[in-house]
Amino acid sequence: MKRIDLRSDTVTLPTPAMREAMARAEVGDDVMGEDPTVNRLEEMAAARVQKDAALFVASGTMANLVALLTHCNRGDEVIVGDRAHTFINEVGGMAALGGIHPRTLPNQPDGTLALDDIKNAIRGDNVHWPRTKLIALENTHNACNGSPLSPAYHKAVYDLAHARNIRVHTDGARIFNAAVALGVPVHQLTQSTDTISFCLSKGLSAPVGSLVCGTRDFIAEARRQRKMVGGGMRQAGIIAAAGIVALETMVDRLAEDHANAKRLAEGLADIPGIELDPGRVQTNFVFFDLSNRVTARQLADRVARDGVLIGVNAERRIRVVTHYGIERDDIDTALRVINRAMK
Ligand code: TLP
């Protein structure tokens with residue numbers, strides 16, 4: 001029985017080409033700037049998102065932390081969505097390690113923050129108040145249906161921020177999913193953000209690693225912050241090699257994951273007791289609610305017996321994610337198994 005793991009795209013395994021590249025990778029001490037494979041990945045990444053420089057880090061969480069530590073001093077404030085990964089799923093790192101004050105605004109269902117909410121949240125100069133330093137966006141927005149934010153929205157936030165001398169960081173863990181879903185080159189999304197982090201180890205299937213991208217000065221400072229949080233990785237070319245293959249070969253195929261998510265959503269919507277609007281599925285995430293007596297935990301346990309793994313998101317809410325390794329036939333199998341378990 002093939003295990004059909006739909007809990008996350010973080011479960012993707014490296015491709016044979018990645019393993020081969022890892023075995024052959026030329027390496028050196030990256031803390032000394034001497035790992036040629038890491039240097040090549042960083043150059044490729046920066047070029048891809050049209051920033052001056054990039055920094056290879058261990059995870060998406062570390063990428064966001066290092067970016068926030070570089071943008072903000074202790075006591076500075078970051079405007080962030082109340083459903084943002086940086087706010088809900090990163091162990092409070094910005095506050096715990098950076099003394100950064102999160103000012104949350106309601107995320108709209110499409111993952112955006114309302115422009116008026118942002119304008120109203122930006123602080124003036126007052127001895128009592130923290131300084132608004134940064135606006136943090138997320139694209140695609142994980143908890144908001146995996147929705148992609150558009151180039152126009154990025155530009156609106158960027159213009160608003162820069163008119164007030166505030167910077168913008170985007171958690172682009174899945175920025176390539178957004179670009180593929182919107183049918184735009186990724187730099188159209190990244191041109192209107194000062195810094196962008198993205199992950200190699202989600203839909204792009206590399207085993208480890210993320211990048212932070214920005215100006216040369218910003219990345220030089222981010223390199224110090226990475227060292228401070230223990231992220232200097234020495235012969236990291238072994239894992240960077242897989243990242244290069246990921247960027248070269250795994251971006252365009254994300255469209256398959258989106259098509260599979262759509263097919264899955266349409267099938268799920270037909271199952272009695274499941275509530276979802278397939279029209280809202282734009283990338284590789286499908287969230288659905290359970291309206292009969294079965295709880296999310298019970299459903300997950302039942303389908304797991306048949307080799308289908310799904311993510312429990314809340315008492316009656318499930319998240320399923322499509323990715324490399326999940327084929328069209330697996331979607332049909334998962335639908336059959338879930339349908340049976342709902343009876
Ligand atoms: N998200 C994971 C879990 O942490 C929830 C997942 O399965 O979706 N930004 C975004 C938008 C993310 O979705 C994630 C991971 C991260 C950052 C953190 O990346 P890692 O796990 O590499 O630290």
Side-chain angles (χ1 to χ4, degrees), residues 5-14 45 55-69 78 80-94 96-97 102 104 107 110-113 136-149 154 169-179 181 186 189-190 193 195-213 226 229-231 233 236 239-240 242-243 246 254 257 261 281-287 296 300 309-314 317-326:
D5 192 344
L6 302 170
R7 289 172 303 169
S8 181
D9 48 10
T10 59
V11 303
T12 43
L13 299 176
L55 180 70
F56 185 47
V57 297
S59 67
T61 302
M62 187 182 278
N64 287 327
L65 177 63
V66 162
L68 264 60
L69 289 173
V78 54
V80 60
D82 60 355
R83 308 186 69 195
H85 197 277
T86 22
F87 181 62
I88 50 181
N89 267 330
E90 295 181 12
V91 209
M94 71 169 99
L97 304 174
T104 54
N107 270 121
D110 64 357
T112 60
L113 303 174
L137 300 177
E138 184 175 318
N139 194 5
T140 62
H141 200 291
N142 184 334
C144 296
N145 245 35
S147 303
L149 308 185
H154 271 290
H169 171 69
T170 301
D171 172 357
R174 297 181 182 81
I175 196 72
F176 291 102
N177 291 84
V186 74
L189 297 170
T190 57
T193 183
T195 55
I196 169 97
S197 54
F198 70 82
C199 293
L200 300 166
S201 61
K202 300 197 165 55
L204 302 188
S205 300
V208 183
S210 295
L211 289 123
V212 186
C213 312
R226 181 186 69 173
V229 297
M233 291 192 289
I239 49 176
L254 293 172
D257 300 340
V281 174
Q282 294 180 71
T283 63
N284 62 329
F285 278 37
V286 181
F287 286 89
L309 303 184
I310 59 180
V312 174
N313 196 248
R317 195 166 171 76
I318 296 277
R319 185 187 82 168
V320 279
V321 181
T322 56
H323 51 78
Y324 173 69
I326 298 293

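As the structure lists them, so they are numbered: ligands from 1, and atoms in each ligand from 1.
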Apply side chain to side chain donor-acceptor pair (under 3.5 Å) to the pair His169 and Thr195, showing each step before the final yes or no.
-> CA-CA 5 Å; His169 171 69; Thr195 55; 2.8 Å; yes

Do ligand 1 and Thr140 have nitrogen or oxygen atoms that lie under 3.5 Å from each other?
->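 No; every N/O pair is 3.5 Å or more apart.
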
Is there a nitrogen or oxygen of Thr10 sitting under 3.5 Å from a nitrogen or oxygen of ligand 1?
-> no

Proximity of Arg7 to ligand 1 by residue part, where a heavy atom lies under 4.0 Å =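 No part of Arg7 is near ligand 1 at this cut-off.
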
How close does the nearest protein non-hydrogen atom get to [atom], and which residue and atom is it?
{"atom": "atom 7 (O) of ligand 1", "value": "Ser8 OG, 2.7 Å"}
{"atom": "atom 22 (O) of ligand 1", "value": "Gly60 N, 2.8 Å"}
{"atom": "atom 9 (N) of ligand 1", "value": "Asp171 OD2, 2.6 Å"}
{"atom": "atom 11 (C) of ligand 1", "value": "Glu138 OE2, 3.3 Å"}

Among Leu200, Leu13, Thr12, the one residue meeting side-chain contact (heavy atoms from CB on, under 4.5 Å) with Ser205 | Thr12

Under 4.0 angstrom from ligand 1, any heavy atom of Lys202?
->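 Lys202: in contact with ligand 1 (<4.0 Å).
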
Residue-ligand contact Met62/ligand 1, heavy atom below 4.0 Å |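 No; Met62 lies far enough from ligand 1 that no heavy-atom distance drops under 4.0 Å.
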
Near [X], which atoms of ligand 1 are under 4.0 Å from a heavy atom of that residue?
{"X": "Ala173", "result": "9 (N), 10 (C), 11 (C)"}
{"X": "Thr61", "result": "18 (C), 19 (O), 20 (P), 23 (O)"}
{"X": "Asn89", "result": "5 (C)"}
{"X": "Ser59", "result": "22 (O), 23 (O)"}

Is any side-chain heavy atom of [X] closer than 4.5 Å to a side-chain heavy atom of [Y]?
{"X": "Ile196", "Y": "His154", "answer": "no"}
{"X": "Leu149", "Y": "Thr112", "answer": "yes"}
{"X": "Ser210", "Y": "Ser197", "answer": "no"}
{"X": "Val80", "Y": "Thr104", "answer": "yes"}

For a side-chain hydrogen bond (donor to acceptor under 3.5 Å, both in side chains) with Arg174, tell me which candidate from Asp9, Thr283, Asn284 qualifies.
-> Asp9

Check: Glu90 side chain, Asn64 main-chain N or O, donor-acceptor pair, under 3.5 Å | no

More than 12 foreign heavy atoms under 6.0 Å from CZ of Arg319: is that the case here?
-> yes

To which of Arg319, His85, Arg174 does the heavy atom nearest atom 3 (C) of ligand 1 belong?
-> His85

